[in-house]
Undergrad: 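Quick one: structure below, then a few questions.
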Amino acid sequence: MLYNPENRRRGRCHHHCLQSCPADGMDIVVKIDGDGQMNPALLPLFVRPLRRGQADYTKGNRFHRPESMQGMPPVRLFGNAVLSFLTKLSCGYWNIMDPTNGYTAARTCVLSELPLDKLEQRYFFETDMLFRLNTVRAVVKDVPMDAVYADEESHLKVSRVLPEFLRKNCSRLWRRYVYNYLVRDFNVGSLYSLCGALLVFMGTLFGAWQWIVSSSTSHPATSGTVMLAALPILIGIQCLIAFLHYDVSNIPTEPLSLSLQRQVDDSNP
């Protein structure tokens, strides 16, 4: 049993636990918050995909069934929907929802591949974990669960954390893009994104310049000038949409734990 002599933030407590589990020889670690919103009876559903080699990390999803959201406050429903979309962009797991859900299970061999000491220590912990998992191409799977809300008052204020989450998600999005599409690999998605951004920038810059010239000289721009500004923007937007389509199809599908197990088997014939 682990005990912290002083009150620590969520991230530090989780970091302490996640580092201790592999050292104790555990294969799977499950995190259940003590707020009464997570049913321990669902634990086998979280562990089963990990034991079957179908995923490296499982997390709860309260948005799977419409009935499970009936008890969720509207503000939380809206906030979680916005945060889910931001997480899809920043972490690359387009197949998951409910990123702030703390009901999770993970293979310890995969956690050993992560820089756990760099994880966020507050409410962004779960999202940052997904970002770190994507950098090692781990497979993440949602597990449907019902939302349980009583009369307790949550300390997570959407109006306060949304700007923070937006800033940190933008940071993770940029870092994931540079790492996956410029450093580790250069593929058709890289071409789509670079060409799209360049065309949109050039079209916007040319259009703005022509608008300034037209306003200062009181001569309206010709239809050809307007098309020269609009065409690169339209083509650039199409390229960016193609990049998003490629990014959606680039979700990890082979569990990292299987590769790590094969490496162990090869090293111990």
Undergrad: Does Val248 share a hydrophobic cluster with Leu89, counting links as ILVMFWY side-chain heavy atoms below 4.5 Å and allowing steps through other members?
TA: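 Yes, it is one cluster - the side chains of Val248 and Leu89 are joined through contacts under 4.5 Å.
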Undergrad: May I ask you to test the Leu119-Met129 pair for a side-chain heavy-atom distance under 4.5 Å?
TA: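 Of all side-chain heavy-atom pairs linking Met129 with Leu119, at least one is under 4.5 Å.
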Undergrad: Quick one: do Leu111 and Val139 end up in the same hydrophobic cluster if we chain Ile, Leu, Val, Met, Phe, Trp and Tyr together by side-chain heavy atoms under 4.5 Å apart?
TA: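 Per the 4.5 Å side-chain linkage, Leu111 and Val139 are not co-clustered.
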Undergrad: Would the distance check show the side chain of Arg184 and the main-chain N or O of Thr135 forming a donor-acceptor pair, the cut-off being under 3.5 Å?
TA: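 Checking the backbone N and O of Thr135 against the side chain of Arg184, a donor-acceptor pair under 3.5 Å is found.
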Undergrad: Would you say NZ of Lys88 has more than 12 non-hydrogen atoms from neighbouring residues, nucleotides or ligands within 6.0 angstrom?
TA: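 Result for NZ/Lys88: enclosed.
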Undergrad: What is the minimum heavy-atom distance between Asn187 and Asn180, and which atoms define it?
TA: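 Smallest interatomic distance, heavy atoms only, reads ND2-O, 4.4 Å.
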Undergrad: Do Val183 and Val178 have side chains that get closer than 4.5 Å, going by heavy atoms?
TA: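 Yes - at least one pair of side-chain heavy atoms lies under 4.5 Å apart.
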Undergrad: Give, for atom CD of Gln238 and atom CG of Leu199, the distance between the pair rounded to the nearest 0.5 Å.
TA: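 Atom-to-atom, Gln238:CD and Leu199:CG are 11.5 Å apart.
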Undergrad: Below 4.0 angstrom, N of the basic side chain to O of the carboxylate: do Asp247 and Arg176 qualify?
TA: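 A salt bridge links Asp247 with Arg176.
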Undergrad: Is there a side-chain contact between Ile241 and Ile237 (heavy atoms, below 4.5 Å)?
TA: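 Ile241 vs Ile237: side chains touch.
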Undergrad: Check step by step if side chain to side chain donor-acceptor pair (under 3.5 Å) holds for Tyr177 and Ser193.
TA: CA-CA 10 Å; Tyr177 172 77; Ser193 59; 2.7 Å; yes
Undergrad: Identify the two heavy atoms, one from Leu86 and one from Asn169, that lie closest to each other, and give their separation to 0.1 Å.
TA: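 Scanning both residues completely, I find the closest heavy atoms to be O-OD1, 3.5 Å.
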Undergrad: Walk me through it: do Ile251 and Trp94 pass the test side chain to side chain contact (heavy atoms under 4.5 Å, CB included)?
TA: CA-CA 7 Å; Ile251 299 173; Trp94 293 89; 3.9 Å; yes
Undergrad: Does any part of the side chain of Tyr93, heavy atoms only, come nearer than 4.5 Å to the side chain of Pro252, both counted from C-beta?
TA: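 Side chain of Pro252 against side chain of Tyr93, heavy atoms only: contact under 4.5 Å found.
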Undergrad: Quick one: do Asp128 and Arg172 make a salt bridge, cutoff under 4.0 Å?
TA: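 Here Asp128 pairs with Arg172 in a salt bridge, since their nearest N and O are under 4.0 Å apart.
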Undergrad: Test side chain to side chain contact (heavy atoms under 4.5 Å, CB included) on Val143 and Leu42 and set out the steps.
TA: CA-CA 9 Å; Val143 176; Leu42 299 177; over 6 Å; no
Undergrad: Quick check on the 6.0 Å ring-centre criterion: do Tyr246 and Tyr192 meet it?
TA: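 They do not qualify: ring centres at least 6.0 Å apart.
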Undergrad: To the nearest 0.5 angstrom, please state how far the OH atom of Tyr179 sits from the CG atom of Asp185.
TA: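 Reported value, rounded in 0.5 Å steps: 11.0 Å.
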Undergrad: Minimum heavy-atom separation for Gly53 to Pro255, with atom names?
TA: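 In this case the closest contact between Gly53 and Pro255 is O-CG, 3.2 Å.
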Undergrad: Would you say Arg175 has more than 12 foreign heavy atoms packed within less than 6.0 Å of its CZ?
TA: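 Yes, because the 6.0 Å sphere around CZ of Arg175 holds more than 12 heavy atoms from other groups.
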Undergrad: Can you list, by chain and residue number, the hydrophobic cluster partners of Leu228 when the side-chain cut-off is 4.5 Å?
TA: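 Besides Leu228, the hydrophobic cluster comprises Phe206, listed by chain and residue number.
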Undergrad: Measuring only between side-chain heavy atoms, which start at C-beta, is Leu258 closer than 4.5 Å to Asp56?
TA: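 Result no, sub-4.5 Å side-chain heavy-atom pair not found.
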Undergrad: More than 12 heavy atoms of other residues, nucleotides or ligands under 6.0 Å from CZ of Phe186: is that the case?
TA: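 Atom CZ in Phe186 is crowded, with more than 12 foreign heavy atoms closer than 6.0 Å.
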Undergrad: State, with a plain yes or no, whether a side-chain heavy atom of Leu114 is found less than 4.5 Å away from one of Leu133.
TA: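 Leu114 vs Leu133: side chains touch.
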Undergrad: Less than 4.0 angstrom from a charged side-chain N to a carboxylate O is my criterion; do Asp98 and Arg62 meet it?
TA: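 Salt bridge between Asp98 and Arg62, a charged N being under 4.0 Å from a carboxylate O: yes.
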Undergrad: Transitively linked via ILVMFWY side-chain contacts under 4.5 Å: Trp174 with Leu182?
TA: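 Per the 4.5 Å side-chain linkage, Trp174 and Leu182 are co-clustered.
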Undergrad: Can Thr58 and Thr104 be said to form a side chain to side chain contact (heavy atoms under 4.5 Å, CB included), step by step?
TA: CA-CA 6 Å; Thr58 56; Thr104 63; over 6 Å; no
Undergrad: Please name the pair of heavy atoms, one in Asp142 and one in Asn95, separated by the smallest distance, quoted to 0.1 Å.
TA: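 Smallest interatomic distance, heavy atoms only, reads OD2-O, 3.9 Å.
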Undergrad: In sequence, state the C-alpha distance, the side-chain angles, and the governing distance for Asp27 and Thr108, and then conclude on side chain to side chain donor-acceptor pair (under 3.5 Å).
TA: CA-CA 5 Å; Asp27 182 46; Thr108 54; 4.5 Å; no
Undergrad: Give, for atom CG of Asn61 and atom NZ of Lys59, the distance between the pair rounded to the nearest 0.5 Å.
TA: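 Rounded to the nearest 0.5 Å, the CG-NZ separation comes to 6.0 Å.
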Undergrad: Run the side chain to side chain contact (heavy atoms under 4.5 Å, CB included) check on Phe131 and Thr87 step by step: do they pass?
TA: CA-CA 9 Å; Phe131 166 75; Thr87 302; over 6 Å; no
Undergrad: In terms of hydrophobic clustering (I, L, V, M, F, W, Y; side-chain heavy atoms under 4.5 Å; direct or indirect links), are Val226 and Ile233 co-clustered?
TA: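 They do not share one cluster, since no chain of ILVMFWY contacts under 4.5 Å joins Val226 to Ile233.
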Undergrad: Calculate, to the nearest 0.5 Å, the distance between atoms OG and CD belonging to Ser215 and Gln210 respectively.
TA: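 The distance works out to 11.0 Å.
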Undergrad: Looking at CG of Leu244 and CG of Leu240, how far apart are the two atoms once the value is rounded to the nearest 0.5 Å?
TA: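 Interatomic distance, Leu244 CG to Leu240 CG, rounded to 0.5 Å: 7.0 Å.
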Undergrad: Working to the nearest 0.5 Å, report the span between CZ of Arg132 and NZ of Lys118.
TA: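 The NZ atom of Lys118 is 6.5 Å from CZ of Arg132, to the nearest 0.5 Å.
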Undergrad: Determine the interplanar angle of the Tyr103 and Phe46 rings, folded into 0 to 90°, and report it as parallel if under 30°, tilted if 30 to 60°, perpendicular if over 60°.
TA: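 Answer is parallel, since the angle falls under 30°.
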Undergrad: Taking 4.0 angstrom as the limit, do Lys31 and Glu126 come out as a salt bridge?
TA: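 Yes.
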Undergrad: Where do Thr127 and Pro99 come nearest, in terms of heavy atoms and distance?
TA: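 The answer is OG1-CB, 4.1 Å.
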Undergrad: Count I, L, V, M, F, W, Y as connected when their side-chain heavy atoms are under 4.5 Å apart, and connections chain through other members. Are Leu173 and Tyr181 then in the same cluster?
TA: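 Not linked; separate clusters.
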Undergrad: Restricting to non-hydrogen atoms, name the atom on Glu113 and the atom on Val136 that form the minimum distance, rounded to 0.1 Å.
TA: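 Heavy atoms of Glu113 and Val136 come nearest at O-CG1, 4.0 Å.
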